[in-house]
Amino acid sequence: MNIDILCVGKIKEKYYTDAINEYSKRLGRYCKLNIISVNDEKTPASPTDRERDIVVRTEGQRIQKYIKEDAYIIALAIDGKSYSSEKFANMINNVGINGTSNIQFIIGGSLGLSDDILKNANMKVSFSEMTFPHQLMRVILLEQIYRAYRIINNEPYHK
């Protein structure tokens, strides 16, 4: 399975980079992982609705350039479906069983994802009703993908 994580913004904090590198290394046993970061758009301190829309659309256009036609697109969105770790693993496994070899997870910037990205996604997934920094969300997503592969392969994992 090929898994892409398309995300907005660069990671600046070493502790996030270290965690991303660790989970990327661990996932190498299970899938081909590719993390693609696009530039975030400068956002005014108190953006108007119009400014917010421009930021989200611009970031969405940057992400769109990397979306593959044959990929199963999973957008991370607060209004998406929530999964237990076991059900998340089943979902990933079923995507592969159904003949798709490319999954692309999309993490938006601080203002979220554009409507175009959300409308064209095969599914929306929520990890919580809480809001997380998008840099931290990369670590959380990678950990859950790693956990999913451990579950799929009947290997021990922490409950």
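Along the sequence shown, residues are numbered consecutively beginning with 1. Just so it is clear, the model here is predicted, and its values are computed rather than measured.
- Partner of Asn102 under the side chain to side chain contact (heavy atoms under 4.5 Å, CB included) criterion, chosen from Asp70, Ile3, Asn34: Asp70.
- Pairs of residues two or more places apart, or lying in two chains, that qualify as ring pair (Phe, Tyr, Trp, His ring centres under 6.0 Å) and include a residue from residues 119-144 are Phe88-Phe127.
- The side-chain hydrogen bond (donor to acceptor under 3.5 Å, both in side chains) search around Gln144 returns Ser85, not counting sequence neighbours.
- Screening residues 28-63 for ring pair (Phe, Tyr, Trp, His ring centres under 6.0 Å) gives Tyr30-Tyr149 as the qualifying pairs, with residues at least two apart or on separate chains.
- Around the CG atom of Asp115, the shell of radius 6.0 Å holds no more than 12 heavy atoms that belong to other residues, nucleotides or ligands.
- Of the candidates Val56, Leu6, Ile67, Ile117 forms a side chain to side chain contact (heavy atoms under 4.5 Å, CB included) with just one, namely Ile67.
- Salt-bridge check for Glu155 with Arg29: passed, with a basic side-chain N closer than 4.0 Å to an acidic carboxylate O.
- At least one donor-acceptor pair closer than 3.5 Å links the side chain of Thr43 to the backbone N or O of Glu41.
- Each of Leu113, Leu141, Ile106 was compared with Leu76 under the side chain to side chain contact (heavy atoms under 4.5 Å, CB included) criterion, and only Leu141 meets it.
- Summarising the local packing, NZ of Lys10 is surrounded by more than 12 heavy atoms from other residues, nucleotides or ligands at distances under 6.0 Å.
- Side-chain N or O atoms of Arg62 include none that pairs as donor or acceptor with a backbone N or O of Val38 at under 3.5 Å.
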Salt bridge (charged side-chain N to carboxylate O under 4.0 Å, His left out) between Lys68 and Asp4, worked out
CA-CA 10 Å; Lys68 299 174 184 168; Asp4 292 340; 3.0 Å; yes

